[in-house]
Amino acid sequence: TRIRVLMGVLEKLHSKGFVHMDLKPENLLCYREHDVVKLLDTDSLLEKHIFTGKPRRIEISGTRGYMAPEVLELVEGLEEDWLGCYDQRHQFAELGHLADLYCVGVMLRRFLQEGCPRDASVETCLRQREPYLSGKAVRLTERLLEKMLARRPRDRYASIGHAARDLEELLTILDPK
């Protein structure tokens with residue numbers, strides 16, 4: 001699946017010391033013939049080490065509907081086009097790879113809830129697509145989304161890799177071949 005490939009791409013990006021900060025479907029280029037996902041809008045890439053060391057100001061960009069709560073908190077009240085700066089003195093060290101993880105969770109949730117009423121539960125949407133889906137698959141999907149979309153970064157998966165392992169378990173249940 002493309003979400004699996006995207007998680008692999010992000011894991012590599014994070015291991016090189018970068019975070020994307022503006023993940024959304026419009027910033028992904030997916031090739032149907034191959035399992036290839038390319039990240040677009042790399043202007044929003046930030047080096048993770050920028051969040052440590054001496055105070056400085058950096059531009060934070062992103063799209064409000066996909067932003068992690070900790071990023072949105074930083075830019076609240078600013079204009080939509082210019083989403084602001086982060087003053088490192090606030091020691092907002094959690095900003096980074098866990099914000100990217102949150103964005104992936106938003107994309108996954110939106111995909112799963114496509115065609116469902118806005119307030120429908122994940123289970124309702126899953127069962128609408130796959131009426132015979134096992135209870136275990138539903139619970140794993142709900143857990144995956146809950147941990148990816150946790151309000152506090154410390155309540156999320158520790159990394160994209162940890163989330164990818166749960167995704168693999170879910171995909172194995174869905175398609176054991």
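Numbers here simply count residues along the sequence, with the first being 1. Fair warning: this is a prediction, and the values are worked out from it, not measured in the lab.
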* **Any donor-acceptor N/O pair, Glu123 side chain to Val138 backbone, under 3.5 Å** => no

* To do: Considering non-hydrogen atoms only, spot the tightest contact between Val106 and Gly65 and give its length.
  => CG1-O, 3.6 Å

* Is any side-chain heavy atom of Thr63 less than 4.5 Å from a side-chain heavy atom of Asp22? -> yes

* Structure fact -> CG (Leu144) and CD (Glu146) are apart, to the nearest 0.5 Å, by 10.5 Å

* Asked: Is the side chain of Arg127 donor-acceptor paired with the backbone N or O of Leu133 at a distance under 3.5 Å, no angle test?
  -> yes

* **Minimal non-hydrogen separation, Met7 against Met148, with atom names** => CE-CE, 3.6 Å

* Is Arg143 paired with Asp166 through a side-chain N to carboxylate O contact shorter than 4.0 Å? -> yes

* Structure fact -> Leu98 and Pro153 have their tightest heavy-atom pair at CD1-O, 3.5 Å

* Test side-chain contact (heavy atoms from CB on, under 4.5 Å) applied to Cys116 and Gln128, step by step -> CA-CA 8 Å; Cys116 285; Gln128 183 176 315; 3.6 Å; yes

* Under the side-chain contact (heavy atoms from CB on, under 4.5 Å) criterion, do Leu6 and Met107 qualify, and how do the steps go? -> CA-CA 11 Å; Leu6 172 60; Met107 287 188 285; 3.7 Å; yes

* **Atom pair OG/CG of Ser159 and Asp100 - distance to nearest 0.5 Å** => 12.0 Å

* Side-chain donor/acceptor of His97 to backbone N/O of Glu11, under 3.5 Å -> no

* Asked: What distance separates Leu108 CG from Gln113 CD, expressed to the nearest 0.5 Å?
  -> 9.5 Å

* Can you name the nearest heavy-atom pair linking Ser15 to Lys12, along with the distance? -> OG-O, 2.8 Å

* Asked: Atom NZ in Lys136, atom CD1 in Ile173: separation rounded to 0.5 Å?
  -> 4.5 Å

* **Verdict with supporting geometry, Leu13 and Val19, side-chain contact (heavy atoms from CB on, under 4.5 Å)** => CA-CA 7 Å; Leu13 182 75; Val19 292; 5.8 Å; no

* Structure fact -> Value for CZ (Arg156) from CZ (Arg154), rounded to nearest 0.5 Å, stands at 11.0 Å

* Verdict with supporting geometry, Leu145 and Leu112, side-chain contact (heavy atoms from CB on, under 4.5 Å) -> CA-CA 10 Å; Leu145 288 172; Leu112 293 173; 3.9 Å; yes

* Checking Arg165 against Tyr157: charged group under 6.0 Å from the ring centre and within 45 degrees of the axis? -> no

* **Side chain proximity check, Lys24 to Arg110, heavy atoms < 4.5 angstrom** => no

* **Heavy-atom side-chain contact between Pro69 and Tyr102 under 4.5 Å** => yes

